[in-house]
K.L.:
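Let me give you the structure first, and then I'll get to my questions.
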Amino acid sequence: MKRKTFIKTTAAFAAVTAINPLASCKMEKAKMSEDLPLEPIRKNWAGNYTYKAENLHVPKTAEEVQKLVKELGAQKALGSKHCFNNIADSPMNQISTENLKGVLGLDEENRTVTVGAGTKYGDFAPQLHEKGYALHNLASLPHISVAGACATATHGSGVKNGNLATGVAVIELVNGNGEIVVLKRGDEAFDGAIVNLGALGIITKMTLDIQETFEVRQDVFQDLPLESLQDNFQEILSGGYSVSLFTDWQDQKISQVWVKRRADEEVKDLGDTYFGAKAATRNLHPITELSAENCTGQMGVPGPWYERLPHFKMGFTPSSGEELQSEFFVPTEQALDAILTLEKKRDLISPQLMITEIRTIAADDYWMSPCYQQDCVAIHFTWKQNPEEVGALIKMIEAELEPFNYKPHWGKLFTISREKLASRYSKFNDFLALVKQHDPEGKFKNDYLNTNIYS
């Protein structure tokens, strides 16, 4: 990218994504009026976005949610605040799901568990394991809420593993009329309602599929030659139940390969090398220079699924917040070409990059999922918190990925136009019709949906 073009794109990115550069992540204080005490300004977990909603409501029951939805005008659900954009913001009211949490029921006969929408995966996974059960997969962070993860198609990894939403059997939400709507797998609207971007209503609880618990061993390898990745791409990514590649795009290599394998399946010792990468001799953070203290156990030591499938432990703060994230999905059959295309831009990418992670996600049937009816590889970027420079890089990356019909992660930073998004989702208009059915007055509209979904 030429310097003039690079600089010109930064202003456009800032306008589209409304990112606010921060010197620190401390909670600021704002005085609402002379008669009210100081209240904290609400920010997302990374601190790069300040919510503009004037009011925050924290209901404890679905009935309280119904009452709020009926009484309020513009409103939006607020989960664990792990999105990097304005998807969970509202012109007027945010309805937090933080008190809609906990295990509400375990159905061992039908192999399901029902949890409140605001429940974080890491909060109920140990309890589920103690009962002898597990979920099919987890994201890299166990700190995210169930409803928010599913609404944005947040995924985890594995060539045979669909995103977290594929584990949903039943969803309960309060629609724009204040009515409780229950949708089950197989219902006509179910496939459109799971990855819902917060457009249909306020999710109150979800029922998830469970299976017999299992243990996972995690082996980490370093310095995979790029040439080996080219020659063995599918085999490398298929080498475990869940596989992640980490790269800083330097030195013609993949920095680390994390191979997670189920211990209840017959697995052989991978030895000292993995397709030319050398076995790590200690636990590693994805950014090799950082301490691995908050990372899940490695070195091939088996542990419960919920202590190995995520990259980070629940008991630790996952990040200082000084970062930005973007992520792009491309069809699996085009993924290697997409990676090699971006590798040519390494000298532009690296100065603002903390780390890139490359993962696989199996196809699903959810209308607004980036993996709708196609297996995908996701190329994820964790950036330094320099909004202008990163904004220009995101536009550059999107331009490079254009031939591969990429789709962005809904909860992260992107600039693709609404028109291109609509062309890449074959059920886009069906989703719009479903939204109109559940939110006829547009109570759940916000700037995010107006920009990316509505014309």
Side-chain angles (χ1 to χ4, degrees), residues 22 24-25 44-48 82 84 122 138-144 154-157 218-226 229 236-237 240 242-260 274 277-300 307-328 339 342-343 345-360 377-387 389-390 393-394 397 409 411-413:
L22 299 173
S24 71
C25 294
N44 65 343
W45 76 294
N48 71 290
H82 276 78
F84 287 79
L138 289 171
S140 58
L141 295 177
H143 308 71
I144 56 178
T154 296
H155 47 87
S157 182
Q218 184 167 224
D219 297 277
V220 176
F221 298 85
Q222 293 181 272
D223 299 331
L224 174 73
L226 185 62
L229 182 69
I236 289 171
L237 288 173
S242 171
V243 176
S244 292
L245 311 180
F246 293 97
T247 182
D248 56 9
W249 302 98
Q250 292 297 297
D251 304 322
Q252 296 282 299
K253 61 180 176 58
I254 300 297
S255 309
Q256 298 178 26
V257 183
W258 290 32
V259 184
K260 304 171 191 270
Y274 187 74
K278 297 179 181 179
T281 57
R282 59 182 174 88
N283 286 351
L284 294 176
H285 188 284
I287 303 172
T288 307
E289 296 77 16
L290 299 183
S291 168
E293 180 184 14
N294 64 346
C295 296
T296 51
Q298 302 164 26
M299 304 302 295
E307 291 184 350
R308 294 294 184 272
L309 292 178
H311 300 331
F312 298 97
K313 300 173 184 176
M314 183 64 182
F316 286 75
T317 301
S319 170
S320 64
E322 296 288 344
E323 65 186 62
L324 302 173
Q325 292 185 12
S326 57
E327 185 170 26
F328 304 99
I339 292 167
L342 294 181
E343 200 273 337
K345 301 294 182 180
R346 59 187 178 274
D347 291 338
L348 287 173
I349 292 172
S350 292
Q352 296 300 325
L353 184 73
M354 296 177 74
I355 201 68
T356 283
E357 181 178 6
I358 299 170
R359 290 170 284 187
T360 57
V377 169
I379 307 172
H380 178 278
F381 299 85
T382 299
W383 303 103
K384 298 175 184 176
Q385 203 172 82
N386 298 323
E389 294 87 345
V390 169
L393 287 170
I394 289 174
I397 288 168
H409 189 298
K412 299 179 182 179
L413 301 177

K.L.:
Would you say Gln385's side chain and Ala46's backbone share a donor-acceptor pair under 3.5 angstrom?
P.N.:
yes
K.L.:
Rounded at 0.5 Å granularity, tell me how far CD in Gln250 sits from CG in Leu226.
P.N.:
12.0 Å
K.L.:
Cut-off 3.5 Å, side chains only: do Glu323 and Gln325 have a donor facing an acceptor?
P.N.:
yes
K.L.:
Measure the shortest side-chain to side-chain distance between Tyr274 and Ile236 over non-hydrogen atoms and say whether it is less than 4.5 angstrom.
P.N.:
yes
K.L.:
Once you round to the nearest 0.5 Å, how far does CD of Gln298 lie from CD of Gln256?
P.N.:
7.5 Å
K.L.:
Between Asn283 and Met299, is a side chain to side chain contact (heavy atoms under 4.5 Å, CB included) present by the stated rule, with each step listed?
P.N.:
CA-CA 7 Å; Asn283 286 351; Met299 304 302 295; 3.3 Å; yes
K.L.:
So how far is it from Ser255 OG to Ile355 CD1, rounded to the nearest 0.5 Å?
P.N.:
5.0 Å
K.L.:
With a 4.5 Å limit on heavy-atom distance, are the side chains of Phe381 and Leu342 in contact?
P.N.:
yes
K.L.:
Can you tell if the side chain of Phe312 reaches within under 4.5 Å of the side chain of Thr296, non-hydrogen atoms only?
P.N.:
no
K.L.:
Do Gln222 and Lys278 get their side chains close enough for a donor-acceptor pair, meaning under 3.5 Å?
P.N.:
no
K.L.:
So, applying side chain to side chain donor-acceptor pair (under 3.5 Å) with Gln218, which one of Arg308, Lys260, His311 is it?
P.N.:
Lys260
K.L.:
With heavy-atom distances below 4.5 Å as the criterion, would you say the side chains of Glu307 and Lys313 are in contact?
P.N.:
no
K.L.:
Using modelled atom types and a 3.5 Å cut-off, is there a donor and acceptor pairing between side-chain atoms of Asp251 and backbone atoms of Lys253?
P.N.:
no
K.L.:
Hey, could you give me the SG/CG distance between Cys295 and Leu284, rounded to the nearest 0.5 Å?
P.N.:
8.5 Å
K.L.:
Is any side-chain heavy atom of Val257 closer than 4.5 Å to a side-chain heavy atom of Val243?
P.N.:
yes
K.L.:
Report yes if the side chains of His380 and His409 come closer than 4.5 Å at any heavy-atom pair, otherwise no.
P.N.:
no
K.L.:
With sequence neighbours left out, write down each residue that passes side-chain hydrogen bond (donor to acceptor under 3.5 Å, both in side chains) with Thr356, or none if nothing qualifies.
P.N.:
Trp249
K.L.:
For Leu141 and Trp45, run side chain to side chain contact (heavy atoms under 4.5 Å, CB included): C-alpha distance rounded to whole Å, both residues' side-chain angles, the deciding distance at 0.1 Å, then the answer.
P.N.:
CA-CA 12 Å; Leu141 295 177; Trp45 76 294; 4.1 Å; yes
K.L.:
Under the criterion side chain to side chain contact (heavy atoms under 4.5 Å, CB included), which of Leu353, Leu413, Asn48 is the partner of Trp383?
P.N.:
Leu353
K.L.:
How about Ile397 and Lys345: do any of their side-chain heavy atoms sit closer than 4.5 Å?
P.N.:
no
K.L.:
Return the CD to CE distance between Glu289 and Met354, rounded to the nearest 0.5 Å.
P.N.:
10.5 Å
K.L.:
Are any non-hydrogen side-chain atoms of Leu237 and Leu245 less than 4.5 angstrom apart?
P.N.:
yes
